Amino acid sequence: MYSVFIVDDEIIVREGLRSKIDWEHSQFSFAGEAGDGEIALSMIQDIKPDILITDIKMPFMDGLELAQAVKKMQPWIRIIILSGHDEFDYAKRAISIGVEDYILKPFTLEEMIVCLNKAAAELDKQKQQFTDIARMKSELESSYMLSREKLLSDIVLGIIDSSTAIQKADAFNINLVAHYYIVSVSIINSKHNDINELIAAKSHVISLVNNETDVIGFFLSPDTFVSILKSSTKEILEDRVFNLADTIQHELLKNTNYSIITAIGPIIDHISQISNSFKEASTILKQCHFTDKSKIIFSNDIKKSNDSSIILQENDPLVDRLNYADESELDQIIKEYISLLGENPDHFSIIASYLLVDVIMAVSKVIEELGGNIKEVMPEILTHTFVDNAVQNQDTFISEIKRVLSAVLKYRNEHIQGRYADIILRAKKYIEKNFANPDICLHSTAEAVNFSPNHFSTIFSQECGTTFIEYLTSVRIAQAKKLLKNTDMKSADIAYEIGFNDPHYFSFIFKKVTGVSPRDYRNT
C-alpha cells in the first residue's frame with residue numbers, strides 16, 4: 001500500500017480528493033494534507049509519504065518549489081502536479097525536477113486514479129530494481145568497485161595522506177575537496193541469515209546514496225556501510241547527514257526485514273581528519289551492536305564536557321550497554337549473563353556471585369558518571385545479605401538482576417543532563433503553547449529549540465516513540481475532546497480553535513484518531 005499526501009490551497013480540492021478516492025479498497029492510503037507548500041514540506045519530512053499530489057499556484061511556496069525541495073529530501077517520492085494553467089513552461093520545469101505526472105484542472109476522479117496507478121507502478125518498478133540481485137552481485141564483484149572501496153576504506157582508516165587521497169579519488173570521478181566533512185557508519189541487522197535478503201538490503205542503501213550529491217558511500221564490510229558527506233557549511237552538513245540516515249532507515253524498515261543502526265561522527269574540516277570522524281562513529285556502534293532496533297546516534301550528542309551524561313568506556317561492555325539500553329533490551333542482557341552460568345548446579349552460587357558483583361560494579365560506574373553515589377542511591381545492593389539472597393537459585397538471580405538494572409535505567413533517565421532531555425522538554429513546551437497556531441510545524445519547532453529540522457525530527461521520534469506530527473495531532477485532539485465535553489462550541493469553531501484550517505479535515509482526523517466523529521464523541 002502506498003501513502004498519498006495532498007497539497008492545495010483550495011479546501012474544496014483537498015476535500016474532494018480526500019473524500020472521493022476509495023482509500024479503504026485501493027492500494028493507496030491517505031497520509032495527510034496541507035494548504036501551502038511551507039507547511040506541507042515540514043509535514044512531508046515527518047510523514048514520508050510515497051506519493052505527493054500538489055497544486056502549482058500556492059502562497060508562500062508554490063508546487064514546483066515544493067516538488068524540488070521534496071525530491072532533494074526524499075528522492076523516492078512520486079509527485080503529481082495539479083494546475084489550472086496550461087503552460088508549457090510549467091510542464092517543462094516539472095519534468096526537469098523529476099515530477100512524474102501533470103494534470104490540468106478541472107480533472108476527473110478517473111484521471112486522478114490513472115495517475116496514482118501510474119505512480120504506484122513506478123514505485124513497484126523501483127522495488128524490483130532494488131531486488132535485482134544479479135546486477136548487485138555483478139557490481140560488487142567488479143574490479144572497479146573493489147578498487148574504489150579499497151581506496152575509500154584507506155581514506156576512512158587514515159592509511160593514506162590527503163594529497164594521495166585526492167589524486168586517487170579523482171580517477172574514480174570522486175571530488176574530495178570541500179570545506180567540511182562528516183562520516184556516518186551504519187550496521188544493517190537481520191534475524192535471518194539470508195544472503196539474498198542482505199544483497200537486496202544493500203541494493204536499497206546504495207541506490208539511495210547514488211541519488212545524493214556530495215555523498216560518497218561504500219560498504220566497508222558485508223554489513224557495514226560508510227558515508228562521507230561534504231559541504232561548504234556545517235549547518236547544511238548536519239541537516240543532510242540526518243536526512244540521509246533517516247531516509248535509509250525509513251526505506252529499509254519499509255521494504256526489507258532489516259533494521260539499521262547509524263552512528264554519526266563529528267564534523268571536521270580537513271581530509272586528513274575524515275578518519276577521526278569515522279573512528280568516533282565506529283566507537284559508538286561497538287557499544288550499540290547488541291540491539292536490533294533501528295537508531296541514529298550523533299557523536300556530538302554523546303560526548304560532552306564535564307557535565308556529560310554519557311561517557312564512552314571501552315573497557316566495560318556492560319557500562320556501555322547501560323548507557324544506551326532501554327527497558328525492552330534488559331531481557332537480552334540478562335539472557336547473556338544466564339548463559340555464562342552453565343548447567344552445573346553445584347557451582348551455581350559461586351559463578352552467580354561473581355556475575356552479580358560484575359553487575360554491581362557496572363551499575364556503580366553508571367551512577368557515578370551521572371554524578372551520583374551508589375552508596376546513597378542503591379546502598380542495599382552493596383551488602384553481603386543482598387548477594388547471598390540473590391544467588392540462592394536461578395529464578396531469584398534473574399529477578400534481582402532485572403530489578404537492579406531497571407532501577408539504574410530509571411535513575412539514568414531521571415538524571416540525564418544531555419541535550420536530548422532538554423531538547424524534548426523545550427519542544428513539548430513549545431507545542432503546548434503554540435498548538436493552536438495553524439502554522440506550527442516541524443521546522444518552526446526545530447528552530448525554537450535551535451536544531452536543524454532533520455536532526456530534531458530524528459531525536460524527537462527516537463526519544464518519544466512517535467513522530468512530531470503524530471504528537472502535535474495528539475495534543476490538538478486532546479484539547480478538542482475537552483472542548484467537546486465542556487463547552488457548547490460548534491465542531492467547526494473547535495477545529496479553528498485548536499489549529500485546523502479546515503473543519504472537514506479536523507473531523508476526518510478526529511475520527512481517524514478516536515474511532516468516532518466529534519458529534520458522536522460529544523454525545524457519548
Side-chain angles (χ1 to χ4, degrees), residues 5-15 18 30-49 52 54-55 58-63 65-66 69-70 73 239 422-461 463-464 466-514 518 521:
F5 192 92
I6 301 168
V7 189
D8 199 306
D9 59 337
E10 297 181 53
I11 293 177
I12 191 170
V13 174
R14 301 201 308 271
E15 185 178 353
R18 184 197 331 127
F30 178 73
E33 65 179 66
D36 69 71
E38 283 192 8
I39 297 297
L41 185 62
S42 176
M43 295 177 70
I44 290 167
Q45 183 171 351
D46 202 31
I47 296 172
K48 296 178 177 59
L52 167 64
T54 179
D55 188 22
M58 295 184 296
F60 307 113
M61 176 187 285
D62 67 33
E65 291 172 328
L66 172 63
V70 167
M73 186 171 69
D239 207 38
D422 177 57
I423 292 301
I424 298 302
L425 179 61
R426 286 194 286 136
K428 287 185 174 180
K429 286 182 178 179
Y430 179 82
I431 293 169
E432 291 289 340
K433 184 178 180 181
N434 297 281
F435 72 85
N437 182 352
D439 294 330
I440 185 176
C441 61
L442 176 70
H443 284 247
S444 63
T445 308
E447 184 177 355
V449 296
N450 299 316
F451 257 52
S452 68
N454 282 306
H455 191 171
F456 171 71
S457 176
T458 297
I459 66 170
F460 190 92
S461 61
E463 296 298 306
C464 300
T466 184
T467 67
F468 169 82
I469 291 296
E470 289 170 342
Y471 182 80
L472 173 61
T473 299
S474 70
V475 172
R476 285 173 166 169
I477 296 302
Q479 181 64 16
K481 287 180 177 179
K482 292 179 182 178
L483 295 175
L484 286 167
K485 288 293 187 182
N486 301 320
T487 74
D488 295 326
M489 292 176 66
K490 295 179 180 179
S491 178
D493 293 332
I494 290 175
Y496 294 122
E497 181 74 17
I498 64 173
F500 284 89
N501 281 325
D502 180 359
H504 296 288
Y505 184 48
F506 159 66
S507 296
F508 175 85
I509 292 297
F510 189 94
K511 187 172 183 179
K512 184 178 180 180
V513 172
T514 65
Y521 181 82

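Quick caveat: nothing in here was measured; it's all calculated off a predicted structure.
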Worksheet item: Where is the tightest heavy-atom contact between I47 and A31, given as atom of each residue plus distance?
Response: CD1-O, 3.7 Å

Worksheet item: Honestly, is R476 close enough over F500, meaning NZ or CZ under 6.0 Å from the six-membered ring centre and within 45° of the axis?
Response: yes

Fill in: Working for side-chain contact (heavy atoms from CB on, under 4.5 Å), residues I423 and R426
CA-CA 5 Å; I423 292 301; R426 286 194 286 136; 3.1 Å; yes

Worksheet item: To the nearest 0.5 Å, how far apart are CD1 in I494 and CG in L484?
Response: 4.0 Å

Worksheet item: Where is the tightest heavy-atom contact between P59 and D36, given as atom of each residue plus distance?
Response: O-CB, 3.7 Å

Worksheet item: Within a radius of less than 6.0 Å around CD of E497, do more than 12 heavy atoms belonging to other residues, nucleotides or ligands occur?
Response: no

Discussion item. More than 12 heavy atoms of other residues, nucleotides or ligands under 6.0 Å from CG of N486: yes or no?
Written reply: yes

Discussion item. For a quick test of reading the model, state the closest non-hydrogen atom pair linking F5 to P49 and the distance between them.
Written reply: CB-CG, 3.7 Å

Fill in: S507 (side chain) donor-acceptor with P503 (main chain) under 3.5 angstrom
yes

Practice prompt. Could you please spell out the steps behind the side-chain contact (heavy atoms from CB on, under 4.5 Å) verdict for E65 and D62?
Written response: CA-CA 5 Å; E65 291 172 328; D62 67 33; 3.3 Å; yes

Worksheet item: When you measure from the centre of the six-membered ring of Y505, is the NZ or CZ of R14 under 6.0 Å away and within 45° of the axis?
Response: no

Discussion item. Check this for me: F508, atom CZ, are more than 12 non-hydrogen atoms of other residues, nucleotides or ligands nearer than 6.0 Å?
Written reply: yes

Discussion item. Is the shortest side-chain heavy-atom distance between F451 and I459 below 4.5 Å?
Written reply: yes

Discussion item. To the nearest 0.5 Å, what is the distance between CD on E470 and SG on C464?
Written reply: 11.0 Å

Discussion item. Once rounded to the nearest 0.5 Å, what's the spacing between atom CG of D46 and atom OG of S461?
Written reply: 7.5 Å

Discussion item. Are the side chains of T467 and K48 in contact, using a 4.5 Å heavy-atom criterion?
Written reply: no

Discussion item. Show, in sequence, the C-alpha distance, side-chain angles and deciding distance for I44 and M73, and conclude whether the side-chain contact (heavy atoms from CB on, under 4.5 Å) test is met.
Written reply: CA-CA 9 Å; I44 290 167; M73 186 171 69; 4.2 Å; yes

Worksheet entry | Backbone of N454 reached by a side-chain donor or acceptor of T458 within 3.5 Å | yes

Worksheet item: Does some side-chain heavy atom of L66 sit less than 4.5 Å from a side-chain heavy atom of L41?
Response: yes

Worksheet item: Parallel, tilted or perpendicular: which describes the rings of F510 and Y521, with under 30° parallel and over 60° perpendicular?
Response: perpendicular

Item to complete: Could you tell me the separation between the CD1 atom of I39 and the CG atom of D9, rounded to the nearest 0.5 Å?
Response: 13.5 Å

Worksheet entry | Heavy-atom pair with the smallest gap, counting every atom of L52 and V7 | CD1-CG2, 3.6 Å

Fill in: Q45-H443 side chain donor-acceptor pair, cut-off 3.5 Å
yes

Worksheet item: Of the non-hydrogen atoms in I498 and A480, which two are nearest, and what is the gap between them?
Response: CD1-CB, 3.7 Å

Discussion item. As an exercise, state the distance from CG of N450 to NE2 of H455, rounded to the nearest 0.5 Å.
Written reply: 12.5 Å

Discussion item. Quick check: closest heavy atoms across I424 and E463, and the distance to 0.1 Å?
Written reply: CG1-CB, 3.9 Å

Worksheet item: Could you state the interatomic distance from OG1 (T473) to CZ (F468), rounded to the nearest 0.5 Å?
Response: 9.0 Å

Worksheet entry | S444 side chain to I440 backbone, donor-acceptor under 3.5 Å | no

